[in-house]
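Sequence lines set the chain letters: A, B, ... in the order given, protein chains first and strands last, and positions in each chain run from 1.
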Protein chains: 2
Amino acid sequence: MTRPRQVILEAAFSDQGDHFTAEELFEKAKKIDTNASLATLYRTVSLLVQGGLLHEIDLGKGVTSYDPNFIESPHHNHLICVDCSEVIEFEDQHISVLEDCITKRLGFSPASKSIQIKAKCDKLRQTGACAKLN
Amino acid sequence: MTRPRQVILEAAFSDQGDHFTAEELFEKAKKIDTNASLATLYRTVSLLVQGGLLHEIDLGKGVTSYDPNFIESPHHNHLICVDCSEVIEFEDQHISVLEDCITKRLGFSPASKSIQIKAKCDKLRQTGACAKLN
DNA sequence: TTAGATGCAAAGACTTTGCAGTTAA
DNA sequence: TTAACTGCAAAGTCTTTGCATCTAA
C-alpha cells in the first residue's frame, strides 16, 4: 500500500459515490495529490476491478466508466437520462429473479447481470427543466 | 448508394446474422470486395446505427460490437457465456414490462433498454464440453 | 453537372507497457 | 534487502478526419 494507491482509493471511494471515467478519477486524484499519475491510476483501477471493489460499466459515453457502489448495493442497475445524462441507480428483486429464470432456461448458470435503461426525463417534459439540466 | 456501401451492407446483413466488431465486418467486406476501406466502413456503420438498422452493443470485449438483428427482433437482449464467449439472444416480455414500470416509477419515459447477462455454460460443467469450445 | 462519397494517411482519444529509479515491509 | 510499485514517455489499439479525387444520379 503506497501513497499513490491511497490517493486513488480516496478519490474513488470517499466521494458521494458517483460514477467516473478514468479521466474524471484522475482529476479527483490530482486535487488530493498533484503528483498523481495516469499510468498508476490505470494500473490501480485495474486491480480494483479485478478485486471486485470497482465495476466497469458502460454508460454509453464511448468511454469506460467505473462504479464504486457495488459494495453497498451489489445488485443495482442503471437508468441513464437521455436528456440530462443523469445516471440513476435502481435495484429490483423481480428483475433479478426473472434474469435467473431466463438464464437457467437457456441452460446456463448466472454469473453477473447488468441492465441499462435509457429514458427521457418526465420532469423536463412537464416543466421544461430537470434536476441536472440548468 | 455506391459500391463500397453495397459491400458493407451485404457483409453486415447477408450473413446468418451474427454480431461483429468493426474489424470483423471489415474482414467480411474484404472477402466480398478486396478494395474495402476501413474509413468508409466506419462512416457507413455510423450511418446505419443512426438509421436504426444496426445497434451498438457492448459484449464486454472492450470494443464496440454491432448487432444486425434488431430489425427482426427489436426487443432482444444478450446472454454472454463466460466460458466460451458465445452470445445468445433472448427476448422476454415480462422483463420488458418490468423495465417500463421501473422507469415510470423513477419519473422517466422509456427510450431504450438493454440487458446483458454473463453466465456459465451448464453443458461445459456437466460434459466438459460446450457448443463453441472445441 | 455536382453534391456527396471515397481512400489514404495523418491525427485523435483512450489505454497499456518497457524501463530505470523508488519504496514499503 | 528486495519484491513490488512508480512515473515517464513511447507504443498500441480503435476510431475519426482532412483533403484531393471520384462517382451516382
| query | What nucleic acid atoms does A:S46 come within less than 4.0 Å of, heavy atoms only: base, sugar-phosphate, or nothing? | reply |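 The residue A:S46 makes no contact with any strand.
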
Determine: side-chain N/O of [X] to OP1/OP2 of [N], distance under 4.0 Å, yes or no.
X	N	value
A:T2	C:dA24	no
A:Y42	C:dT16	no
B:T64	D:dC14	no
B:T40	C:dG7	yes

Tell me: [atom1] of [X] to [atom2] of [N], nearest whole Å?
X	N	atom1	atom2	value
B:E56	D:dC14	CD	P	15 Å
A:F20	C:dC14	CZ	P	16 Å
B:R5	D:dA25	CZ	P	11 Å
A:Q50	C:dT16	CD	P	11 Å
B:Q6	C:dT6	CD	C1'	14 Å
B:F26	C:dT6	CZ	P	14 Å
A:E23	C:dG12	CD	P	16 Å
A:R3	D:dG7	CZ	P	11 Å

| message | Both B:M1 and B:L38 contact DNA chain D. Which one's nearest nucleotide lies toward the 5' end? | response | B:L38

| Is it true that a side-chain atom of B:T21 and a backbone atom of B:E24 form a donor plus acceptor pair closer than 3.5 Å? |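 Flag set: sc B:T21 to bb B:E24 pair under 3.5 Å.
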
| query | Nearest of C:dT6, D:dC8, C:dC14 to any side-chain atom of A:V63? | reply |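 Given the options C:dT6, D:dC8, C:dC14, the side chain of A:V63 is closest to C:dC14.
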
| query | Which nucleotide in the list C:dG7, C:dT16, D:dC8 gets nearest to the side chain of A:S37? | reply |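 For the A:S37 side chain, the nearest candidate turns out to be D:dC8.
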
| query | Do B:D83 and B:K123 sit within salt-bridge range, that is, some charged N less than 4.0 Å from a carboxylate O? | reply |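 Looking at B:K123 together with B:D83, the answer is no, because their closest N to O distance does not fall below 4.0 Å.
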
| Short N-O contact, A:K104 and B:D122, less than 4.0 angstrom |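 Looking at A:K104 and B:D122, the cut-off is not met.
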
| request: May I ask you to decide if the ring planes of B:H19 and B:H78 are parallel, tilted or perpendicular, using 30° and 60° as cut-offs? | output: perpendicular

| task | Decide yes or no, distance alone: a donor-acceptor N/O pair under 3.5 angstrom between the base of D:dG7 and the side-chain of A:R43. | result | yes

| task | Not counting sequence neighbours, which residues clear side chain to side chain contact (heavy atoms under 4.5 Å, CB included) with B:R5? List them please. | result | B:M1, B:T2, B:T44, B:L47

